[in-house]
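In what follows, a single structure is set out as structure tokens and then discussed.
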Amino acid sequence: MKFLKWIVTLAAVAGAGVAVSQKVKKEKAKKEELDEFLVPNQDEPIVYDVPSRTDDKMKEAIHSLENHEPQTKYFAFTVADADHAHTFQKAAAELDLSSSYDSEKQEVEIEYNGNFDEDDLNLLQVQLGEISLQAEATFKEMHD
């Protein structure tokens, strides 16, 4: 009788061990899937959708900064009126870009303090291109 109780107890412990190991396997698989979703494989290239109407002058100015030492750069855009400037500044603020508006010149100026590597400059080009399209702004110049 003791032998039978011992076998039943051993079977129950083994069954519980299998159940726990299966639960751990499922949780690990879910965690790996979530990690891949939240932080995708960094070996894959980053692809940006550059608006087709992006100003070539702006593109050249931005990419002339590639591999330069980080320093503050300003990008000036002309706008039609204060409403367009407000639209431009609101969109820039949503992307964490600082801006100022000169009502006399009808210009909005974006301050950029980021890095000058290829990925950051591509992102900046996309952001400025989208903002200028939304606000119907025209790139004027880049300066220190």
Side-chain angles (χ1 to χ4, degrees), residues 5-144:
K5 286 182 184 180
W6 185 77
I7 290 178
V8 170
T9 303
L10 186 62
V13 169
V18 169
V20 168
S21 68
Q22 291 298 324
K23 174 93 170 142
V24 168
K25 259 188 185 177
K26 284 182 183 179
E27 291 298 320
K28 184 177 179 183
K30 284 181 183 179
K31 182 183 180 308
E32 288 174 356
E33 183 180 336
L34 182 60
D35 285 347
E36 180 63 29
F37 175 74
L38 294 175
V39 183
N41 186 353
Q42 297 299 322
D43 295 337
E44 297 174 7
I46 299 172
V47 178
Y48 297 102
D49 182 25
V50 179
S52 59
R53 294 180 10 199
T54 298
D55 189 342
D56 288 335
K57 184 178 171 184
M58 181 180 68
K59 180 180 177 182
E60 288 174 19
I62 290 172
H63 287 284
S64 70
L65 299 172
E66 195 167 326
N67 299 321
H68 279 77
E69 290 296 315
Q71 63 182 24
T72 302
K73 292 289 185 180
Y74 297 92
F75 297 89
F77 293 84
T78 56
V79 291
D81 55 29
D83 289 337
H84 285 91
H86 177 71
T87 302
F88 193 102
Q89 288 185 295
K90 184 177 177 184
E94 289 173 359
L95 297 172
D96 296 326
L97 295 171
S98 300
S99 64
S100 61
Y101 173 58
D102 184 348
S103 60
E104 291 178 14
K105 294 181 182 179
Q106 294 294 319
E107 286 183 6
V108 174
E109 194 170 76
I110 297 289
E111 179 181 341
Y112 180 70
N113 294 313
N115 294 321
F116 294 141
D117 64 6
E118 185 178 357
D119 288 338
D120 288 331
L121 293 176
N122 284 338
L123 179 59
L124 178 64
Q125 178 187 342
V126 169
Q127 290 174 333
L128 292 179
E130 288 176 356
I131 293 170
S132 62
L133 288 174
Q134 286 177 11
E136 299 176 14
T138 305
F139 177 72
K140 182 178 179 186
E141 65 181 353
M142 176 189 70
H143 58 89
D144 295 332

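Being a predicted model, the structure only gives us computed values, none of them experimental.
Partners of T72 according to the side-chain contact (heavy atoms from CB on, under 4.5 Å) rule, which considers only residues two or more places apart in sequence or in another chain, are Y74, E111, N113. The side-chain contact (heavy atoms from CB on, under 4.5 Å) check on Q71 picks up K73, F116, D144, with sequence neighbours excluded. With sequence neighbours excluded, no residue forms a side-chain hydrogen bond (donor to acceptor under 3.5 Å, both in side chains) with T87. Residues satisfying the salt bridge (Lys or Arg N to Asp or Glu O under 4.0 Å) test with K31, not counting sequence neighbours, are D35. Shown here are the salt bridge (Lys or Arg N to Asp or Glu O under 4.0 Å) partners of K30, two or more places apart in sequence or in another chain: there are none. For D96, there are no side-chain contact (heavy atoms from CB on, under 4.5 Å) partners two or more places apart in sequence or in a different chain. For E107, the salt bridge (Lys or Arg N to Asp or Glu O under 4.0 Å) criterion is met by K140, not counting sequence neighbours.
To the nearest 0.5 angstrom, L95 atom CG is 5.0 Å from I131 atom CD1. To the nearest 0.5 Å, atoms CG (L123) and CG (D120) are separated by 7.0 Å. With rounding to the nearest 0.5 Å, the separation of CE in M142 from CD1 in I110 is 14.0 Å. The CG atom of L97 sits 9.5 Å away from the CZ atom of F75 when rounded to the nearest 0.5 Å. Note that the NZ atom of K5 and the CG atom of L10 stand 15.5 Å from one another [nearest 0.5 Å].
Counting only residues at least two apart or in different chains, salt bridge (charged side-chain N to carboxylate O under 4.0 Å, His left out) contacts with residues 12-24 comprise K23-E27. Applying the ring-ring contact (aromatic ring centres under 6.0 Å, His included) rule to pairs touching residues 76-111 yields F77-F88, F77-F139, sequence neighbours excluded. Pairs engaging residues 76-92 under the salt bridge (charged side-chain N to carboxylate O under 4.0 Å, His left out) rule: none recorded [sequence neighbours left out].
Side chains of Q106 and V79 form a contact here, defined as non-hydrogen atoms less than 4.5 Å apart. Contact check for D102 versus E109: no side-chain heavy atoms found under the 4.5 Å cut-off.
At distances below 3.5 Å, not a single donor-acceptor pair connects side-chain atoms of E130 with backbone N or O atoms of Q127.
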